[in-house]
Amino acid sequence: MTRLEMVERIREKTGVTYEEAREALEKANWDMLDAIVTLEKDKPAAEPINEPVYVQDNAQEAPKPVKKPVRRVNTGDIGSKVATALRWIGNLIKKGESNHLEISHKDEVIMEISLVSLILIFLLSWWIPSILIVVGLFTGYKFRVTGSGAAGRIVNNVSEKASQKADEIVNKINEEAKEE
């Protein structure tokens, strides 16, 4: 989805101007969910309208204002909480599908797998991918997360440090083997 389409979608959902939608997306690092949440938080709450209602009795007295009870909307019902949770899970899956784990060897990309698929593999058999990652680090494979988001940068930094440590250990073992 292009940035223009993202701005248009936010405008449709929230009713803000083009500039406000673009600004919110930029502040949220072009994450639509975060931008919508920010815009909703910034939106002023609607105040209830308490217009007086006049009731006339038969004595022809001056009309007396009668306050109508303000009906409060119950925002804590289970349906809205389930909908919010499902929306959150859906957005999390979308982010996971737009981000991938890239496995490369000697600057050649060997495989790319979506983060959602990777999480499912870990849930089904955590020990197989764990062993493969450790063995891969010691045999010169590099792992990095592609896509948008700060989490990818953090994972890439940790992965790079792990690759460097694995290379140091392999070099140290090779030097010791040459000395013997």
Side-chain angles (χ1 to χ4, degrees), residues 1-14 20-42 78-180:
M1 177 179 292
T2 67
R3 290 183 173 182
L4 180 61
E5 291 172 332
M6 293 168 76
V7 170
E8 287 298 323
R9 180 81 54 94
I10 297 244
R11 287 184 64 212
E12 291 170 7
K13 299 283 183 194
T14 61
E20 291 170 324
R22 183 184 46 76
E23 189 176 294
L25 278 166
E26 286 174 353
K27 285 181 183 175
N29 240 359
W30 294 95
D31 184 302
M32 287 181 60
L33 179 62
D34 290 342
I36 290 172
V37 168
T38 302
L39 287 169
E40 290 295 326
K41 283 182 181 176
D42 293 344
I78 191 73
S80 67
K81 291 185 192 284
V82 169
T84 302
L86 289 175
R87 246 184 261 112
W88 182 81
I89 290 169
N91 287 325
L92 188 64
I93 291 172
K94 279 183 189 175
K95 278 186 179 181
E97 283 298 323
S98 65
N99 293 295
H100 294 84
L101 178 70
E102 184 180 275
I103 303 168
S104 60
H105 186 61
K106 297 179 182 174
D107 295 328
E108 181 184 338
V109 176
I110 305 297
M111 183 169 79
E112 243 184 74
I113 184 169
S114 76
L115 292 185
V116 171
S117 301
L118 184 65
I119 290 169
L120 289 174
I121 291 170
F122 266 100
L123 289 175
L124 295 174
S125 58
W126 62 269
W127 54 277
I128 292 174
S130 300
I131 291 171
L132 290 174
I133 289 173
V134 171
V135 169
L137 284 172
F138 285 102
T139 55
Y141 286 86
K142 305 286 184 203
F143 302 90
R144 100 183 174 96
V145 175
T146 60
S148 62
R153 289 187 293 274
I154 294 168
V155 171
N156 290 339
N157 288 339
V158 170
S159 175
E160 186 61 35
K161 288 178 184 176
S163 292
Q164 289 172 355
K165 278 293 184 191
D167 289 344
E168 288 175 16
I169 292 170
V170 168
N171 290 338
K172 191 172 185 177
I173 291 172
N174 287 339
E175 288 175 10
E176 290 177 3
K178 285 181 185 178
E179 290 175 4
E180 292 178 7

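We use all heavy atoms of the structure for the numbers below, so side chains are in, but hydrogens, waters and symmetry mates are not.
- Thr84 contributes atom OG1, which lies 11.0 Å from atom CD1 of Ile89 (distance to the nearest 0.5 angstrom).
- The side chain to side chain donor-acceptor pair (under 3.5 Å) test applied to Glu26 returns Arg22, not counting sequence neighbours.
- Two residues are said to be in side-chain contact when any heavy atoms from C-beta on lie closer than 4.5 Å; Glu160 and Asn157 fail this criterion.
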Scan the side chains in residues 102-112 for donor-acceptor partners under 3.5 Å anywhere in the protein, sequence neighbours excluded, and list what turns up.
residue	atom	partner	partner atom	Å
Glu102	OE2	Arg144	NE	3.2
His105	ND1	Gly140	O	3.3

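- The pair Arg11-Glu8 meets the salt-bridge criterion, since a charged nitrogen lies less than 4.0 angstrom from a carboxylate oxygen.
- The minimum heavy-atom distance linking Ile10 with Thr14 is given by the pair O-OG1, 2.7 Å.
- Across Ala166 and Leu137, no two heavy atoms sit closer than the pair CB-O, 3.5 Å.
- Contacts classified as ring pair (Phe, Tyr, Trp, His ring centres under 6.0 Å) and involving residues 78-104 (residues at least two apart or in different chains) are not found.
- For Arg9 and Glu5, the salt-bridge test fails: no basic side-chain N is under 4.0 Å from an acidic carboxylate O.
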**OP:** Report the C-alpha separation of Tyr141 and Val135 in whole Å, then their side-chain angles, then the decisive distance to 0.1 Å, and conclude whether the side-chain contact (heavy atoms from CB on, under 4.5 Å) test is met.
**Re:** CA-CA 9 Å; Tyr141 286 86; Val135 169; over 6 Å; no
**OP:** Start with the C-alpha gap between Glu40 and Val37, add the side-chain angles, then the distance that decides, and say whether side-chain contact (heavy atoms from CB on, under 4.5 Å) holds.
**Re:** CA-CA 5 Å; Glu40 290 295 326; Val37 168; 5.8 Å; no
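- Atom CD of Glu23 and atom CG of Leu39 lie 9.0 Å apart (nearest 0.5 Å).
- In this structure, CG on Leu132 lies 9.5 Å from CH2 on Trp127, to the nearest 0.5 angstrom.
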List the atom pairs, donor and acceptor, that lie under 3.5 Å between side-chain atoms in residues 113-123 and the rest of the protein, sequence neighbours left out.
residue	atom	partner	partner atom	Å
Ser114	OG	Glu97	OE2	3.4
Ser114	OG	Ser117	N	3.2
Ser114	OG	Ser117	OG	2.9

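- When all heavy atoms are compared, the tightest approach of Val170 to Phe138 is CG2-O, 3.5 Å.
- With sequence neighbours excluded, the residues that form a side chain to side chain donor-acceptor pair (under 3.5 Å) with Asp167 are Lys142.
- The minimum heavy-atom distance between Ala35 and Ala28, with the atom names listed, is N-CB, 3.7 Å.
- Distance check: Leu25 CG to Leu4 CG gives 11.0 Å after rounding to the nearest 0.5 Å.
- Under the salt bridge (charged side-chain N to carboxylate O under 4.0 Å, His left out) criterion, Lys165 pairs with Glu168, sequence neighbours left out.
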